[in-house]
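All remarks here apply to the structure that follows.
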Amino acid sequence: MSDQNFKSDFLQTLQARGYIHQITHPAELDAAAAAGVVTGYIGFDATAPSLHVGSLIQIMMLRRLQQAGGKPIVLMGGGTTKVGDPTGKDASRPQLTDETIQSNIASIKTVFEKFLTFGDGPTDAVMLDNDAWLSTYGYVEFLREYGTHFTINRMLAFDSVKLRLEREQPMTFLEFNYMLMQSVDFLELNRARGCTLQMGGSDQWGNIVSGVDLVRRVDQKAAFGLTTPLLTTASGGKMGKTAQGAVWLNAEQLSPYDYWQFWRNVDDADVGKFLRLFTDTPLDEVARLEALDGAAINDAKKALADAATTMLHGADAAATARAAAEGAFERGTLSADLPTVELPADEVIGAMIAAVTTKAGLTASNGEARRLAQGGGLRLNDAAIADGARLIEASDVNADGVLKLAAGKKKIVLVRPV
């Protein structure tokens with residue numbers, strides 16, 4: 001979409017900051033966005049108490065829509081979570097209880113309030129739950145009303161289905177219905193809320209196109225679809241996944257310090273892209289920061305970490321995280337804001353440092369910790385430890401009751417024997 005000359009602020013911004021992969025009717029959508037308020041939505045299933053960084057690009061799309069004068073709808077999948085999106089999966093998702101789904105939605109809601117302005121105004125965001133309509137349908141009624149608009153031939157041709165079958169992984173009929181349910185969501189939002197735009201990741205293209213077609217075919221109304229590129233890191237990894245697991249957005253699942261550290265430690269080649277996608281940093285400032293090289297690129301990474309953490313957790317939390325990280329990594333000081341792990345005292349005092357390093361979550365195995373030590377990357381209280389079999393002594397615990405372990409240049413944890 002790089003060759004499009006868009007007129008609307010919304011699509012110009014999305015294009016300039018790198019959000020656009022595919023659009024179903026680009027000229028029509030551009031004209032609609034330039035002419036007035038466009039209402040758009042993205043769906044989020046509630047499979048966990050928190051979304052992770054992999055969902056952040058979608059949240060930022062809704063933010064861009066609101067910033068450009070549009071109205072964002074956050075659609076929580078209370079209904080679709082009961083089925084499970086088969087896209088990109090080789091196995092069915094575990095089925096959650098209604099109580100768990102609603103608890104997850106309540107927890108997830110708090111994150112959106114950091115990125116969007118909710119209210120009753122024409123461009124204020126609203127949050128809805130598709131269980132409000134999906135659970136009201138009788139099975140025969142649903143099939144008669146919507147089943148005739150979907151052919152098995154076309155559904156089998158979409159990548160989300162085709163790739164699963166090509167890998168010879170079973171796909172239940174329950175999951176096969178997900179596309180119909182998502183399409184009906186768009187139709188319902190179009191009728192009840194005047195919603196004309198569905199957005200999502202590139203893996204959702206088939207589901208989104210089906211919804212656009214349903215709205216246009218059944219009600220002959222305007223409907224558009226827009227997807228973002230598949231987001232990977234410069235090293236080819238999946239965005240939001242680290243060796244320690246998912247980078248959660250809720251502070252209860254991941255501390256502001258660890259969130260700041262995630263952005264601080266991105267690949268040099270990703271800094272500019274991530275500043276454009278995940279912060280409101282002006283584009284001319286992004287250009288300046290991504291042009292830095294050598295050690296100066298660390299300043300750009302800190303700017304990214306500051307901006308991303310401020311948006312999610314607030315300026316105070318970002319400043320505290322930065323101060324703790326700079327103190328720990330650059331000045332060798334301790335801070336209560338560093339990640340702290342409590343371990344039984346008898347598993348720390350007198351234990352091999354390799355074992356404690358692994359139990360603290362810095363390494364995946366004792367063997368990895370020993371190799372790290374041999375390579376000079378393991379430190380205890382800022383002193384390099386060459387032998388992973390070195391035993392931790394009571395004198396290694398400081399006056400605050402903790403010892404400081406560091407693995408490489410990017411991971412530090414305080415261990416408190418209890």
Side-chain angles (χ1 to χ4, degrees), residues 44 48-60 62-63 74 103-104 106-118 231 233 237-267 270-271 273-281 289 298-342 360-362 400 402 404-416:
F44 301 86
S50 172
L51 300 175
H52 57 71
V53 164
S55 298
L56 188 56
I57 190 170
Q58 312 306 336
I59 299 173
M60 290 300 295
L62 294 173
R63 181 178 175 89
V74 179
S103 175
N104 288 346
S107 178
I108 289 169
K109 275 183 180 180
T110 59
V111 165
F112 285 97
E113 294 167 353
K114 313 285 181 64
F115 294 87
L116 302 170
T117 300
F118 287 83
L231 194 60
T233 62
K238 189 173 183 180
M239 177 66 183
K241 297 290 185 181
T242 67
Q244 286 70 47
V247 180
W248 299 106
L249 299 183
N250 284 53
E252 294 80 8
Q253 276 72 37
L254 188 77
S255 71
Y257 172 85
D258 285 327
Y259 190 73
W260 191 93
Q261 278 289 94
F262 167 75
W263 296 107
R264 166 64 180 83
N265 293 329
V266 300
D267 193 287
D270 285 327
V271 174
K273 177 171 71 173
F274 289 175
L275 279 165
R276 280 185 285 272
L277 292 173
F278 299 115
T279 78
D280 287 343
T281 306
L289 288 168
N298 289 322
D299 292 334
K301 292 184 179 184
K302 289 179 182 179
L304 169 63
D306 286 346
T309 306
T310 295
M311 194 173 290
L312 179 62
H313 295 297
D316 290 346
T320 299
R322 178 169 182 161
E326 289 181 339
F329 288 99
E330 298 172 18
R331 296 188 296 276
T333 59
L334 291 182
S335 168
D337 295 294
L338 288 171
T340 301
V341 176
E342 292 187 347
L362 289 177
D400 293 323
V402 297
K404 179 182 177 184
L405 284 177
K409 298 179 179 179
K410 297 181 178 180
K411 294 190 288 186
I412 290 180
V413 69
L414 303 181
V415 176
R416 185 181 302 280

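Sequential numbering from 1 along the given sequence is applied to the chain's residues. Note that the coordinates shown come from a computational prediction; the quantities given were computed from them, not determined experimentally.
Partners of R322 under the salt bridge (Lys or Arg N to Asp or Glu O under 4.0 Å) rule, at least two apart in sequence or in another chain, are D306, E326. Partners of N298 according to the side chain to side chain donor-acceptor pair (under 3.5 Å) rule, which considers only residues two or more places apart in sequence or in another chain, are R264. With sequence neighbours left out, the salt bridge (Lys or Arg N to Asp or Glu O under 4.0 Å) criterion links D280 to R63, R64. Scanning for side chain to side chain donor-acceptor pair (under 3.5 Å) contacts around Q58 gives T228, with sequence neighbours left out. Scanning for side chain to side chain contact (heavy atoms under 4.5 Å, CB included) contacts around S50 gives W248, L249, N250, Q253, with sequence neighbours left out. T310 meets the side chain to side chain donor-acceptor pair (under 3.5 Å) test with no other residue; sequence neighbours excluded.
Within the 4.5 Å cutoff, side-chain heavy atoms of K302 are placed close to those of W260. Side chains of L304 and T279 form a contact here, defined as non-hydrogen atoms less than 4.5 Å apart. Put simply, the side chain of L312 reaches to within 4.5 Å of the side chain of Y259, judged on heavy atoms. The side-chain heavy atoms of V74 and F118, taken from C-beta on, include a pair separated by under 4.5 Å. Annotation: side chain of K301 is not in contact with side chain of W263 (no heavy-atom distance under 4.5 Å). Taking 4.5 Å as the limit, every side-chain heavy atom of L56 sits out of range of all side-chain heavy atoms of L277. Between L254 and V247 there is a side-chain heavy-atom pair separated by less than 4.5 Å.
What you find for G54 and I57 is that their closest heavy atoms are O-CG2, 4.2 Å. Contact detail for L362 and A406: the closest heavy-atom pair is CD1-N, 4.2 Å. What you find for A321 and P256 is that their closest heavy atoms are CB-O, 4.0 Å.
Centroid-to-centroid, the aromatic rings of F112 and F44 come within less than 6.0 Å.
For the atom pair N265 CG and D270 CG, the distance stands at 12.5 Å (nearest 0.5 Å). Atom CZ of F278 sits about 8.0 Å away from atom CE of M60, to the nearest 0.5 Å. Note that CG of D267 and CZ of F274 are 8.5 Å apart. Values are rounded to the nearest 0.5 Å.
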Run the numbers on V402 and V415 for side-chain contact (heavy atoms from CB on, under 4.5 Å), then give the verdict.
-> CA-CA 5 Å; V402 297; V415 176; over 6 Å; no
Stepwise, does the side-chain hydrogen bond (donor to acceptor under 3.5 Å, both in side chains) test hold for N104 with S107?
CA-CA 5 Å; N104 288 346; S107 178; over 6 Å; no
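A side-chain donor-acceptor contact under 3.5 Å links T320 to the backbone of D316.
More than 12 heavy atoms of other residues, nucleotides or ligands sit less than 6.0 Å from atom NZ of K114.
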